[in-house]
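Just below is one structure, and these are the notes that go with it.
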Amino acid sequence: MSKELWKGNEAIAEAAIRAGCRYFFGYPITPQNEIPEYMSLHLPEAGGVFLQAESEVAAINMVYGAAGSGARVMTSSSSPGISLKQEGISYLAGAELPCVIVNIMRGGPGLGTIQPAQGDYFQATRGGGNGDYRLIVLAPSTIQEACDHVRDAFDIADRYRNPVMILADGMIGQMMEAVEWQPSESRTLPEKTWATVGTGGTRKPNIINSLFIDPNESERHNAHLNEKYDVMRAEEVRYEATIPDDADVLFVAYGTPARLAKAAIRLLAKEGITGGLFRPISLWPFPEKPLNEAASAASVKAVVTVEMSLGQLVDDVKIAVNGVKPVSLCGKAGGIVPTPREVADAALAALGRK
Amino acid sequence: MSKELWKGNEAIAEAAIRAGCRYFFGYPITPQNEIPEYMSLHLPEAGGVFLQAESEVAAINMVYGAAGSGARVMTSSSSPGISLKQEGISYLAGAELPCVIVNIMRGGPGLGTIQPAQGDYFQATRGGGNGDYRLIVLAPSTIQEACDHVRDAFDIADRYRNPVMILADGMIGQMMEAVEWQPSESRTLPEKTWATVGTGGTRKPNIINSLFIDPNESERHNAHLNEKYDVMRAEEVRYEATIPDDADVLFVAYGTPARLAKAAIRLLAKEGITGGLFRPISLWPFPEKPLNEAASAASVKAVVTVEMSLGQLVDDVKIAVNGVKPVSLCGKAGGIVPTPREVADAALAALGRK
Amino acid sequence: MTHDILISGFGGQGVMAIGKTLAEGGMKEGYEVSWLPSYGPEMRGGTANCSVVISDDMIISPIVLEPTLLIAMNTPSLVKFGPNVIPEGKVFVNSSIVDMAVERTDVSAYYVPTMEIAQKLGNPRVANMVMLGAVNHVTGLLREETVREMLSQLFTGPKANLVELNLEALRMGAACAANDACMIWSNTHEYHD
Amino acid sequence: MTHDILISGFGGQGVMAIGKTLAEGGMKEGYEVSWLPSYGPEMRGGTANCSVVISDDMIISPIVLEPTLLIAMNTPSLVKFGPNVIPEGKVFVNSSIVDMAVERTDVSAYYVPTMEIAQKLGNPRVANMVMLGAVNHVTGLLREETVREMLSQLFTGPKANLVELNLEALRMGAACAANDACMIWSNTHEYHD
Amino acid sequence: MASRVTFSQDRCKGCGLCITVCPKHIIFLDKTKTNKRGYHPATVVEMAACIGCANCARMCPDSVIMVERNIEED
Amino acid sequence: MASRVTFSQDRCKGCGLCITVCPKHIIFLDKTKTNKRGYHPATVVEMAACIGCANCARMCPDSVIMVERNIEED
Amino acid sequence: MAIVYQKSKGLTDLEMHYCPGCTHGVIHKLVAEALVDLNLLEHTIGVAPVGCSVFAYNYFNCDMHEAAHGRAPAVATGIKRVLPQNTVFTYQGDGDLAAIGTAEIIHAAMRGEHFTTIFVNNAIYGMTGGQMAPTTLVGQKATTAPHGRDRAHYGQPLHMAEIMATIGGAAYSTRVTVVDMPHMMKARTAIRKAFQMQMEGKGFTFVEVLSTCPTNWGMTPVEALGWVKDTMINEFPLGVFKDADSKEGS
Amino acid sequence: MAIVYQKSKGLTDLEMHYCPGCTHGVIHKLVAEALVDLNLLEHTIGVAPVGCSVFAYNYFNCDMHEAAHGRAPAVATGIKRVLPQNTVFTYQGDGDLAAIGTAEIIHAAMRGEHFTTIFVNNAIYGMTGGQMAPTTLVGQKATTAPHGRDRAHYGQPLHMAEIMATIGGAAYSTRVTVVDMPHMMKARTAIRKAFQMQMEGKGFTFVEVLSTCPTNWGMTPVEALGWVKDTMINEFPLGVFKDADSKEGS
Ligand SMILES: Cc1ncc(C[n+]2csc(CCOP(=O)(O)OP(=O)(O)O)c2C)c(N)n1
Ligand SMILES: Cc1ncc(C[n+]2csc(CCOP(=O)(O)OP(=O)(O)O)c2C)c(N)n1
Ligand code: SF4
Ligand code: SF4
Ligand code: SF4
Ligand code: SF4
Ligand code: SF4
Ligand code: SF4
Ligand SMILES: [Mg+2]
Ligand SMILES: [Mg+2]
């Protein structure tokens, strides 16, 4: 495999096509426009359909229709647009439809700014829509990883009949890096016998639905979903841990801030402090146990969460660390990327050295 | 003050009118329809304006317009409708506009069921919309309290220039209970010099806005919001704690489940077990410290979260308890209300007695 | 003392109104009260029901799953909720249209031909008041004065004459319940499948 | 070795393309590379810039805040980013339109009259290639072979003749940078306020 | 008998729409009956007069009615 | 001089829209100048010919142009 | 004896939950019968709305989606783009289609999506208890317009069939009703024509059906039929507003 | 010497961020001048959209709201219902108004909201980089329609001024342009009339203005004016489609 230079957004789109995605419904919004633009050119070449919807609301509901009819389908947007998709996402999860949703996050709240941010962590991991549902959320921190996540996302979605979200900050969408295209492992996936493609007169009608008016049925449905989520919790946890045995401080970060934490670790090394990095890759299911174990290591004196938001990831870190070590926050918002120095200083402060 | 029998939804509407709310924009959805219906009849009598919008999206944006022009304004909906309002709520928070939003929750995900549930806890407390913003979230567990919360909500909203959400399950909306109307304490509130009512040629234009395209400005704006949220964290925490000195188990619950926890405490008393109840009233800011202290009491062996959702409130409980005691969950979803027996059994299980 | 009351019937039989009158009356008598309707599309022509709790103590849950007192205004209601009544509980049956007896022996059953009695009073719409009278006789929750007060607030002006009619219905219901005969089921009404 | 390169100018000056060529070339030479554009409405007629990092180690952040090497294609770029260049850093100035000198003495400045040179080659659109040649001469990042390969992929068919033209521009830029004269600013171009 | 109209009376909601479209005015609600759902079901009082036009059946929102006709007489 | 046209040249974006509406064809982009924002600004080459119609000013999207006219001559 | 009319195979055997005399049931039958008669049922995917007809997915005997409120046209777009050979329809109420779903229906029409929309206009929100719809008549009472729709406050009803007719991608737009036999036969023809044109690839087809809501209008089912004929038709004239086949309106 | 024309007091002194020759700037001026000349500016609240004109709140010299994408008509409704005596307007692009905001504009018109909408139709999404709009012409290229808008795939452009004219609460609907002096003078008159009718309580007023986007059309500003005149006007005919004053369209 040779290396190619790809812009994040275009790489994501190309990865989707390579993963067999044949339908894309989207609406323009910065900083993710290259995804629909790439799709509009290349999806028809692959025999697929690109459609620009009249809104994000329409786009996610087109995804609902296409997914229900058995298609591999994707949509992408950025923060305010993802907010508008919340009802639709809740419906997709409720009706157990597989699809891939990409959020290239920008600063908020409201119209905010178009610069990169991570303010939608809560929305992604805890469901900005109504009810008890979960998305599998994958957070790449390089473009190579973004491609790999997209490739896997379609299979995971099909396996669980559940939407999968790729959550990346605008930096990942806008930058270019080298990519090596990895072939998909061919997972054997369940047949979509539930899809609506016409009964053909040979079976009972299939119904795509999230309504269970009888609360007992509704409770059963929720219990069923929850069992599925438990399987995901057991099988889909992903993370990267680079933690020396003598780490004084443990950084926790995903996406771009994880890269900056690595730079901060180098700065700290010069100052005689050893840092480690725990990088959750699946934000949901969150790698709760591995993080707890990492934080429990005797040498670790403090856990510092680095995020381009003002205290979102840190909630999951606190839940995982469960009081075994103090947890503090190095947060930025509004499109500003923290500098390695700021990150290092946050660690010094957490260690009481500043 | 004499007692009157009021249906929750109507009481909420009446309380809003008494609190000086003069504009209401809404859209029908069960189980909150009596709020707009009551408003349509009585708001014009009070010299106000009721308008049924074409959708929840339009309604929340009408609220944005009215609030920006200085009005006391409210909207209400139920779970899927609240999902659709997420972008608008993020804009309101971003532009710092005061308003009151009522969510009479039903079961989810998706269309779900119209029976009562609490599956929107995450959405309310952590922002289903994009970016780093917070709503003050008040959770009544009686109709009297619902009225009191609505009365206070408008003042709180004005004081902080921030949306306030009343989060109640469908049971609170649909049931009738006795209400005594309490007069408002007249808080002195800041003048709305920022409101757009026309410059009158005497001042510079006022601008209602959530866009800060320059990331430095955006960062400053977010820092400003965060400082405001810190004041709220310091001043707006509300909870009720009924915890005997010898409590073996501590229940944490809000809304209807808090009532059921009280019943469970009685059942447990018969079985020789002492239970206490910690009821967060402000779900955000969450009463983190008081709960930590309550859980730290020597007699308490286990903390049991009771919620009509499958593990949402429990996140905040875990963060607050911070590992000092084991935290477990008694959750129901989909419109089913847990029985006192189920709640009591969850406590027995947590205490290792079952 | 806590009454967990469930009232159930077809839409249009005044099920919600019986509940509200009980709850409001209870409140006026100084009790803690709650009222909770069933709601949803099943209302369309189907069965409607409401829960009323009247207690001298704080009310914990307004949902009545195991009633101490069931008012069954039609057959499906008795079939559906009869089994949930607590042992020693009371079941009031609208015997004008319910075509079956209460089979449980651990509860007390009262058969009230509400429609026939209302017919006698010349106004079929007071059937639910007849039922309320019967229930009130057995539970002793509301004083006639309290009911009169509520009715007077409800019926004013040209409708004021309805106050006495309703009170009469209440009394007739009470009288019916006072008569032991009402505890025996007899299939007097017309019902066809 | 890590080059943190910032390239800035008016929209339309080929700023993004210089960056992409550097990054892609760096990749082909076996380095780790990243490219990051500025984006947003400030692009409308305003200043555009991009960050390129080329390193023999893992790239941590693609954002270049403190460049080791700045390419200023217009005056506002030099004003805005000049002060951020690290001490000992290098500043390449498009002296065809930049009307000021680099005042800092702790950095090396190179003045490249890209437009005049491009004009000589008969095609003003290769001005950015001239700049790239100068930069490449100083950094030694890309081999001519690598650039030729990239150009051959870009220009095919009827446009194939552009490969040699661009290579010539690259060489002229390199030649310019090889001449010490390029390190002295002289106000030769026309600029009016 | 030329035609036969059959009602699934348990499914009838007593709405009376069928009555409005019967050209022979032979459909009535049977007030002497209450079906399981509490409605007085529709019925034909004089089957012999029925012309088998199926208006009633087409109009019935709940597909309560089946109409048959003697083909020979067609 | 009957009329005067003044350009805030720093604000001019060199779009040339003013040129299209001048009945006297006296507006040009000054290619010898580049303003702070990098544009060749518009200018009037023969002010005497100007009739003060203000077409140019009305058309300019950036309100670059002010037009004055000698009232006496009106 | 031969069967002249019986329950359509296009419907499942489930009893419908509609109120007595609600013409939703009648419209269901016409749709189901058209699909059976045109031999399309086995290849059809229907989309149910949020509204009283939310359970339509239980009644139509074909594959079905239940869409979010107002979004049926977007859902149908997703389906039809994946399955261009199949028959796709949406069944939507006036709150669903003419209020919250306005953008979705207009843009489906604009794109000329190859599906059919059955628009059940009963001038009210049935499901949620009689709130005002965009099609509520001026003066008509609703639970959120207790004194009747006030023109000064709420303007006049939206005429969807007419709006559809102005949009390029719409091949067929008509308004019919089912309140008596002659009207029902026209409605039947219109629905068939819509499906036929869909399968012929003509574009988007739209059939507005004036329907009753006895429950929320506060009328008996028979009175409700009368109100459609006497009052509602005056506001919403019946007819064909666009027909790509005949290239002229009515 | 007397000043014949200078920058309007209705605009702030800020330099606009629009691309060279973009007629957004011209339309801003006409709106600002109308508000000043009609003596309304001090009592006006404007609503800016999301689109290239998102920063309009910095340019108009009156109170302003910045609305979410497409929701300006809802925001304006909220404002006007609170301040019925004030002047309220929205300024919206074609993506904003004719795509994501379709429902909001149609319902504001239906209700006859007493505000004025200035609809800037440039047949493209300017702000986000030239994606297809609902008003993009068939065959016109866009970054999401790289081979040009395909009728079979996307249908034909939406004609908003015509749709508005079919809606009861709309008092005035017209389409104008600003690409040369005669057209601009008509546009000027139309905008004034719209504001006047608003203040007279006539209902909702709507002015569609054909505008240029040289940047995303890939033309010089002057070529862009020509394209409007030669091509765009053919698809979007100019004229008055509804006028409650004269009770007739054009
Ligand atoms: C997002 C959302 N908003 C509101 C509702 C509540 N809701 C259910 S049905 C309905 C209106 C239905 O009216 P209509 O479309 O006219 O159908 P009908 O019941 O009259 O047939 C509404 C508002 C919902 N389920 N989801
Ligand atoms: C909810 C949401 N979706 C999408 C966007 C991204 N966005 C910004 S402007 C715009 C389109 C603007 O086009 P138009 O309305 O035609 O205005 P123009 O720029 O052409 O003047 C879009 C899609 C957004 N900010 N918010
Ligand atoms: S088939 Fe015709 S004639 Fe016979 S009962 Fe029905 S409507 Fe009447
Ligand atoms: S139309 Fe059908 S449901 Fe109505 S009365 Fe006749 S048979 Fe019964
Ligand atoms: S005022 Fe008229 S004549 Fe004078 S320069 Fe301007 S357009 Fe030309
Ligand atoms: S129209 Fe204005 S901006 Fe354009 S060239 Fe003329 S003066 Fe300059
Ligand atoms: S509420 Fe109205 S529309 Fe709904 S089923 Fe009943 S009659 Fe029909
Ligand atoms: S992108 Fe187009 S619409 Fe936007 S400012 Fe530039 S020319 Fe105008
Ligand atoms: Mg309806
Ligand atoms: Mg546009």
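Each chain gets a letter, A, B and so on, in the order its sequence line appears, and its residues count up from 1.
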Subject >> Top contributor to chain A contacts, counting heavy-atom pairs under 4.5 Å, from B/Gly128, B/Ser218, B/Gly110 >> reply: B/Gly110

**OP:** Please look at A/Leu211 and chain B and tell me whether the side chain, the backbone, both or neither of the residue comes under 4.5 angstrom of a heavy atom of that chain.
**Re:** both

Subject >> Region of A/Lys85 in contact with chain B, defined by heavy-atom distances below 4.5 Å >> reply: neither

Original post:
Based on non-hydrogen pairs under 4.5 Å, which of B/Pro80, B/Gly323, B/Gly129 is most in contact with chain A?
Top reply: B/Pro80

Original post:
Of the listed residues (B/Asp132, B/Ile89, B/Asn216, B/Asp315), which shares the most heavy-atom pairs with chain A below a 4.5 Å separation?
Top reply: B/Asp132

Original post:
Checking A/Gln115 side chain against B/Pro215 main chain: does a donor-acceptor pair fall under 3.5 Å?
Top reply: no

Original post:
Distance-only, no hydrogens or angles: does the A/Asp120 side chain make a donor-acceptor pair with backbone N or O of B/Gly131 under 3.5 Å?
Top reply: yes

Original post:
Who wins among B/Ser210, B/Gly108, B/Pro116 for the most heavy-atom pairs under 4.5 Å with chain A?
Top reply: B/Ser210

Original post:
A/Gln312 versus chain B, heavy atoms under 4.5 Å apart: side chain, backbone, both or neither?
Top reply: side chain

Original post:
Donor-acceptor pair, B/Ser83 side chain versus A/Glu87 backbone, under 3.5 Å?
Top reply: no

Original post:
Heavy-atom distance under 4.5 Å between the side chains of B/Asn222 and A/Leu310, does that happen here?
Top reply: yes

Subject >> Selection from B/Gln118, B/Gln123, B/Met105 maximising heavy-atom pairs under 4.5 Å formed with chain A >> reply: B/Gln123

